[in-house]
Amino acid sequence: MIALDTLETLVAASLVLLLGRKLVSSSNFLKTYSIPEPVVGGLLVALLLFALRGIGDVQVKFDGSLQGPLMLAFFATIGLNANLASLKAGGRTLVLFLLVVLGLLILQDAIGIGMAKMMGLDPLIGLLGASISLSGGHGTGAAWGRVFSERHGLAAATEIAIACATFGLVLGGLIGGPVAGFLVKRVKLPAAKATQEEGQDAPLSFEQPKAVQLITAQSFIEALALIAVSLTVGTMIANQLNGTAFELPTFVSVLFVGVLLSNGLSLVVGYKIFERAILVIGNVSLSLFLAMALMSLRLWDLASLALPVLLILAVQTVAMALYAAFVTFRVMGSNYDAAVLAAGHCGFGLGATPTAIANMQAVTDRFGPSRLAFLVVPMVSAFFIDIANAIVIKLFLALPIYN
C-alpha cells in the first residue's frame with residue numbers, strides 16, 4: 001500500500017492534468033471527439049493503478065481531503081458568476097431544459113426498474129442503477145442507498161449506488177464529446193472568435209477555459225475571499241437544514257450564497273465582481289477536482305458489479321446518448337447551443353455537474369462559445385435536478401412492485 005498525503009496528491013493531480021493535456025493535444029481521435037483533458041489523464045491513471053493492483057498487488061491510496069473544498073469552490077464560482085438579469089433573460093430556456101431533464105429522470109427509472117424485473121432482480125437495484133446514482137451522483141446515491149438498506153433491507157445498497165455513480169462519472173465524461181461532435185455537423189457553428197462586449201479585452205466565461213485572463217494579485221485575493229465566504233456561509237446553512245424538509249446538498253447552498261453575494265453587493269454597494277479572477281479560480285478548481293476524482297477511481301469495484309447491474313448501466317449509457325441526440329438537441333432548438341447543451345446533459349445525466357462543464361468546455365474550446373449553455377446547465381444540474389429527482393424517485397417508490 002502506497003499512501004500519498006495531501007501535497008503529494010495535489011502534485012499527482014497536477015501531473016494527471018498535464019498528462020491529459022499532452023495526450024489530447026497529440027491525439028486527433030481525442031480532439032475530434034472532444035474528450036475532456038481531466039477525463040483522459042485521470043482515467044488512464046486509474047486504469048494503470050487497476051493493472052498494478054491485479055498484477056503486483058500494489059495499491060495507491062490518494063488523500064481525498066481536497067476534493068470536497070475544490071468541488072465547493074467550483075460551485076461557489078458558478079454562483080458568483082451568475083447574473084440574475086441574465087438568468088431572467090434565459091428563463092424560458094431554463095424551464096424548457098428542466099422539462100427535458102425531468103423526462104430523462106423518468107426514462108432512467110423506467111429502464112432501471114424494467115430491466116431489473118426482466119432479470120429477476122429486486123426493483124430497488126434497478127432504481128439504484130437509474131436516476132438515483134446517475135443523474136443524482138455519489139451524494140444522492142449514498143443517501144438513498146442507506147435508506148434502501150435500513151428501511152427496505154436491501155443488502156449492500158450503498159456500495160451498489162456508489163459503484164453505479166462511479167460508472168456514470170466515467171461514461172458521462174466519455175460520451176458527451178462524441179454526441180456533440182455528431183450533432184455539430186448538422187448545425188451552423190458560431191464565429192471562430194467570441195463576440196466581445198464593448199470594453200472587454202478578453203472573453204469572460206467558463207466556455208473558454210484556455211483564454212488568457214488578465215488579473216492582479218488584489219483581484220485574485222478579493223475573489224478568493226468571496227469564494228471563502230460562500231463556502232463558509234453555504235456550509236453553515238446546509239448544516240442547519242440537515243434533517244429538515246428543506247435539506248439541500250452543501251454545494252447547492254454554496255452556489256446560492258455565491259449568487260446572493262455577487263448580486264447583493266452589486267445592488268447595495270455597487271461592487272462589481274471581477275469575473276476574470278473568479279473564472280480562473282473556478283477553472284483551476286474544476287480541473288483539479290476532476291483529476292483527483294478520476295485518478296482515485298476504484299475500478300475494481302466496477303469490475304465486481306454483478307453482470308445484470310453492468311447490463312443495466314450499459315443500457316442507461318446508450319439511452320442517455322440517444323436521448324441527448326434526439327430529444328435534448330431537438331427540443332432545445334437543433335442549433336449549436338442545443339448541441340453544447342446535449343454534451344452537458346450527458347455529463348450530469350450520467351455523472352455530475354463538473355463533468356457536464358468539462359464536456360461543454362471541451363466542445364466550446366474546439367467549435368466556439370455558447371453563453372446560453374453555460375448559463376442554463378449549472379443552474380439546472382446543480383439545483384433544480386435534485387428537487388425533480390427526489391420527486392420522481394418517490395413517485396416510483398410508490399409503485400406497487402416492491403413486494
Side-chain angles (χ1 to χ4, degrees), residues 1-27 29-30 35-74 133-134 137-139 141-142 145 156 158-177 250-251 283-306 309-310 313 317 347 350-355 357-359 361-362:
M1 171 68 73
I2 302 174
L4 302 185
D5 62 21
T6 303
L7 291 179
E8 291 167 342
T9 299
L10 182 60
V11 170
S14 302
L15 293 176
V16 163
L17 289 175
L18 294 176
L19 173 64
R21 177 178 299 178
K22 177 64 177 177
L23 290 174
V24 171
S25 64
S26 59
S27 169
F29 175 82
L30 296 174
I35 308 298
E37 294 170 0
V39 174
V40 173
L43 187 55
L44 178 59
V45 171
L47 288 169
L48 290 174
L49 295 178
F50 179 62
L52 279 176
R53 186 177 185 271
I55 297 172
D57 197 26
V58 177
Q59 297 186 48
V60 179
K61 182 179 180 181
F62 298 102
D63 184 278
S65 59
L66 286 179
Q67 284 192 44
L70 285 170
M71 182 187 71
L72 293 179
F74 163 70
S133 59
L134 299 180
H138 287 82
T158 300
E159 289 78 5
I160 293 173
I162 295 299
C164 289
T166 302
F167 181 95
L169 188 67
V170 174
L171 269 298
L174 290 178
I175 71 169
T250 302
F251 69 84
N283 283 318
V284 169
S285 300
L286 171 65
S287 297
L288 286 174
F289 166 74
L290 282 177
M292 290 181 181
L294 289 166
M295 74 185 191
S296 304
L297 290 178
R298 296 168 57 90
L299 293 180
W300 48 91
D301 288 341
L302 297 183
S304 66
L305 279 178
V309 177
L310 285 174
L313 295 174
T317 302
L350 288 178
T353 302
T355 311
I357 299 298
N359 279 354
Q361 285 180 338

Nearest 0.5 Å, what's the [atom1]-[atom2] distance between [X] and [Y]?
X: T166; Y: L171; atom1: OG1; atom2: CG; result: 11.5 Å
X: D5; Y: E8; atom1: CG; atom2: CD; result: 3.5 Å
X: N283; Y: Q361; atom1: CG; atom2: CD; result: 5.0 Å
X: L7; Y: L66; atom1: CG; atom2: CG; result: 8.0 Å
X: L310; Y: C164; atom1: CG; atom2: SG; result: 8.5 Å
X: K61; Y: I2; atom1: NZ; atom2: CD1; result: 13.5 Å

If every non-hydrogen atom of A13 is compared with every non-hydrogen atom of A291, which pair is closest and at what distance?
O-CB, 3.8 Å

Can you name the closest pair of heavy atoms from N359 and G172 and give their distance?
ND2-O, 2.8 Å

Decide yes or no for M295 and V60: does some side-chain heavy atom of the first lie under 4.5 Å from some side-chain heavy atom of the second?
no

Using atom types as modelled, flag every donor-acceptor pair under 3.5 Å from a side chain in residues 38-55 to any protein atom, sequence neighbours excluded.
none

Considering residues at least two apart in sequence or located in another chain, which fulfil the side-chain contact (heavy atoms from CB on, under 4.5 Å) criterion with [X]?
X: S27; answer: F29, L30
X: A362; answer: S34, P36
X: A352; answer: L169, P354, T355
X: S296; answer: F62, Q67

Determine whether L23 and E37 satisfy the following criterion, side-chain contact (heavy atoms from CB on, under 4.5 Å), listing intermediate values before the conclusion.
CA-CA 8 Å; L23 290 174; E37 294 170 0; over 6 Å; no

Of L290, L286, V284, which is the lone residue that meets side chain to side chain contact (heavy atoms under 4.5 Å, CB included) with F74?
L286

For S65, side chain to side chain donor-acceptor pair (under 3.5 Å) partners two or more places apart
T6, D63

Applying side chain to side chain donor-acceptor pair (under 3.5 Å) to T353 and not counting sequence neighbours gives S381

Evaluate the criterion side-chain contact (heavy atoms from CB on, under 4.5 Å) for residue pair V24 and I35; output intermediate values, then yes/no.
CA-CA 8 Å; V24 171; I35 308 298; 5.6 Å; no

